[in-house]
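For this chain, numbers begin at 1 and follow the sequence in order.
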Amino acid sequence: MAGADPLETLHVEASCSVCLEYLQDPVIIECGHNFCRRCITRWWADLARDFPCPVCRKTSRHRSLRPNRQLGNMVEAARQLRRGLKRKMGQESRCPAHGQALARFCCDDQAPVCLLCEISHAHRTHRLVPLEEAALEYKEKLQRCLEPLERKLEAVSACRAREEKKPSELKRKVALRRECITREFEELHQLLEEEERLLLRRLEEEEREILQRLQANLDQLGEQRRGLATLVAELEEKCLQSGAEMLKNIRDTLARCEAAAALVEEPVSVPIELEKNFCSFPRQYFTLRKITRRLIGEVTLDPDTAHPNLVLSEDRKSVRFVEVRPRDLPDTPRRFTIYPCVLAAQGFTSGRHYWEVEVGDKTHWALGVCKDSVSRKGELTPLPETGYWRVRLWNGDKYAATTIPFTPLTVRVKPKRVGVFVDYEAGKVAFYNVTDRSHIYTFTDTFTEKIWPLFYPGIRAGRKNAAPLVIRSPTDWE
C-alpha cells in the first residue's frame, strides 16, 4: 500500500491471521493463505470435511497443509529485525523534557520519566518506582487481562466453528423435514383417494337401490293403471247403453268397482334424495380418524386427579358421578376437590393428539383440556383465561364453548360421541360431533406449559345423567 510503513507491512505479512502473532511453523492451504500450523489445526479441529479458510472463507474438501519454509525464513528475519529495532528504540528512549534515559515510572501519571523529572515540581508528590519494577508489575497485569481474553477468543472461535457447521446441519434437517412432509401428504393423498373410492362406491350402490325401487314402483303402477283403465272403459261403455242393457249384471259391475277401489292404493312416489351423512363433514375428518389411530396411544384416566365423588372403571376408560362418596381419598395436590372432574394420565407438551368420548344421552357434561398449573382446590372458573379450554352441555340441549361470555353452539344432531383434537404447536383445541361428522368449535390460543385432557361427567341429577363418560379406543372407532 502506498505511503505505508514498510516495516509495519512486513510485520503484518509475517503474522498469523488467527493468533495475530508471528507465524510459527507456517503452512499454506489451498486458497493460498498462510497460518501457524498449530492455529489452523485447532481451527479445523472439529471438522471432517469442507475446511474453510479463516480469511477468505473458501472451503477445501481435504485438510491440505503444505509447509512454507521460505515464508518461515522471512518471518524469522522480520522477528530479528523487529527485535533489533526495539533495542535501538530502547536505547533512543529519552525523556522529551530533559533528554535523559527513562529510568522511573510515575504511578500517578501512568508514564515513564527520567531522574530529573522525579525531582521536578511536576512529580515531586507522585509515587515513582523503578522502570523495571513497574514493567514487571504491569506485565503481570497484562497477562491477567490476557488470560480471560484468550479464553474468550477460544470460546468465540469454537462458537464460530460450530456456527459455520450449522448451515449444513440445517440443510440436513430441512431435507429430513421435507421428506417427512412429503411422506405424510402422500399418505394423506392415498387415504383421501381410498375415501373417495369408498364414497363413490356407496353413491353407486345408493343409485342402484333407488333405481330398483323406482322400477318396482313403475311396474306396480303400470299394472294398476291397466286394470283401472279396463274398468273405466267398461263403465263408460255401460253408461252409453240403454236402460235394460245397462242394468244387465249391474250388481257384478258395482262389486268389481268397489273391489277395485278397495284394492288399489293411493299412488306412492319413490324419493330420490341422496344420503347426506357422508357429504357434510370436512374431508380432513376422515384422514384425521385414520392417521391418529396410529399416531397416538391409549388415553386413560388418572385416579389421583379424580374428584372424590367420581368413580372410574377398572380399565380407567370411563368415569361417572355418584352422590355418595364410595370411600375417603387422600387430598393430594393433584386431586380436584370442588370441581367434579378428572384428568387423563397422559399430558402433552408438543405434537397433535386426538381422542373420542362417548357421551350417549347424557344431559350434562364438559370435555376439553386444561393447563398443568390450574388450581384444583376451591371454587373454579374454568375459562381459557384461567387455563381451561372446554365445550359443555347442560339442561339436555344447551351447548356452549366456555369463553367470556359463553359462546352458544348450534348442534343440528345431538352428539352421541365427541372427538377432541389438539395441535399443541398451533395452539388449537377442536371439537367434533362424531355422530353426524360435523365441526362443533375450535379454540385458538398459545400453550406454554403441559396440558391435560379433562373430563367432567356432570352431576347425577336423578337418573337422567347417571351414565358415564367413556373414552373410546381407536380400535372401537368403526
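Heavy atoms from other residues, nucleotides or ligands lying under 6.0 Å from CD1 of Ile272 number 12 at most. Within a 6.0 Å sphere centred on CZ of Arg63, other residues, nucleotides and ligands contribute more than 12 heavy atoms. No more than 12 heavy atoms of other residues, nucleotides or ligands sit less than 6.0 Å from atom NZ of Lys173. For Glu237, the CD atom sits in a loose shell: 12 or fewer heavy atoms of surrounding residues, nucleotides or ligands are nearer than 6.0 Å. Atom CD of Gln143 sits in a crowded spot, with more than 12 heavy atoms from other residues, nucleotides or ligands closer than 6.0 Å. Counted within 6.0 Å of CZ on Phe185, heavy atoms from surrounding residues, nucleotides or ligands total 12 or fewer; the atom is thus considered open.
With hydrogens and angles disregarded, a donor-acceptor distance shorter than 3.5 Å links the side chain of Glu449 to the backbone of Asp372. Under a 3.5 Å cut-off, the side chain of Asn309 and the backbone N or O of Val322 do form a donor-acceptor pair. The backbone N or O of Asp397 sits nowhere less than 3.5 Å from a side-chain atom of Asn395 that would complete a donor-acceptor pair. In terms of modelled atom types and a separation under 3.5 Å, the side chain of Lys362 and the main chain of Ala467 share a donor-acceptor contact. Put simply, the side chain of Glu425 gets close to the backbone of Gly351: a donor and an acceptor are under 3.5 Å apart. Between the side chain of Asn465 and the main chain of Pro457, a donor-acceptor pair closer than 3.5 Å is present. No donor-acceptor distance shorter than 3.5 angstrom exists from the side chain of Thr300 to the backbone of Arg316, with no hydrogens or angles considered. For the pair Ser318 (side chain) and Pro468 (backbone), a donor-acceptor distance under 3.5 Å is absent.
With sequence neighbours excluded, the residues forming a side-chain contact (heavy atoms from CB on, under 4.5 Å) with Asp219 are Gln215, listed by chain and number. Residues passing the side-chain contact (heavy atoms from CB on, under 4.5 Å) test with Pro330, sequence neighbours excluded: Thr332, Arg335.
Considering OG of Ser373 and CD1 of Ile451, their distance stands at 12.0 Å, rounded to 0.5 Å. We find the OG1-NZ distance between Thr444 and Lys428 to be 3.5 Å, quoted to the nearest 0.5 Å. Rounded to the nearest 0.5 angstrom, Ile28 CD1 and Ile40 CD1 are separated by 12.0 Å.
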Item to check | Derivation and outcome, side-chain contact (heavy atoms from CB on, under 4.5 Å), residues Leu393 and Lys414 | outcome: CA-CA 10 Å; Leu393 163 69; Lys414 181 181 177 66; 4.0 Å; yes

Item to check | Worked verdict on Val422 versus Trp355 for side-chain contact (heavy atoms from CB on, under 4.5 Å) | outcome: CA-CA 9 Å; Val422 171; Trp355 61 96; 3.7 Å; yes

Next on the checklist: Is there a salt bridge (Lys or Arg N to Asp or Glu O under 4.0 Å) between Glu154 and Arg151? Walk through the geometry before answering.
Outcome noted: CA-CA 5 Å; Glu154 291 180 358; Arg151 288 195 299 269; over 6 Å; no

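Within the 6.0 Å centre-distance limit, the rings of Tyr456 and Tyr339 are counted as a close aromatic pair. In this structure, Phe35 has its ring center no closer than 6.0 Å to that of Trp44.
Look at Arg183 and Glu186 and you find no salt bridge, because none of the NZ, NE, NH1 or NH2 atoms lies under 4.0 Å from a carboxylate O. Taking the charged nitrogens against the carboxylate oxygens, Asp46 and Arg162 have no contact shorter than 4.0 Å, which rules out a salt bridge. Electrostatic pairing of Glu30 and Lys58 does not count as a salt bridge here, judged by no charged N lying under 4.0 Å from a carboxylate O. At a threshold of 4.0 Å, the pair Lys166-Glu163 counts as salt-bridged, since one of the basic side-chain nitrogens sits closer than that to a carboxylate oxygen. A salt bridge links Arg417 to Glu356: one of the charged nitrogens lies within less than 4.0 Å of a carboxylate oxygen.
When all heavy atoms of Asp302 and Val342 are compared, the pair lying nearest together is O-CG2, 3.4 Å. Residues Asp445 and Pro384 approach most closely at OD2-CB, 4.2 Å, considering heavy atoms. Taking every heavy atom of both residues into account, Glu164 and Pro52 meet most closely at OE1-CG, 3.7 Å. Taking every heavy atom of both residues into account, Arg66 and Ile29 meet most closely at NH2-O, 4.2 Å. Residue Phe321 comes nearest to Ile459 through the heavy atom pair CD2-CA, 3.8 Å, listed as atom of the first residue, atom of the second, then distance. Annotation for Thr448 and Tyr424: closest pair C-OH, 3.7 Å, computed over non-hydrogen atoms.
Below 30°, between 30° and 60°, or above 60°: for Phe447 and Trp389 the angle between ring planes is above 60°, a perpendicular geometry. Between Tyr432 and His439, the angle of the ring planes goes over 60°, which puts this pair in the perpendicular group of the 30/60° scheme.
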What donor-acceptor contacts under 3.5 angstrom involve side-chain atoms of residues 14-25, with partners at least two apart or in another chain?
{"from": "Ser15", "atom 1": "OG", "to": "His11", "atom 2": "O", "distance (Å)": "2.6"}
{"from": "Tyr22", "atom 1": "OH", "to": "His11", "atom 2": "ND1", "distance (Å)": "3.2"}
{"from": "Asp25", "atom 1": "OD2", "to": "Arg37", "atom 2": "NE", "distance (Å)": "2.9"}

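Looking at Leu409, Val429, Val411 one by one, the single match for side-chain contact (heavy atoms from CB on, under 4.5 Å) with Tyr441 turns out to be Leu409.
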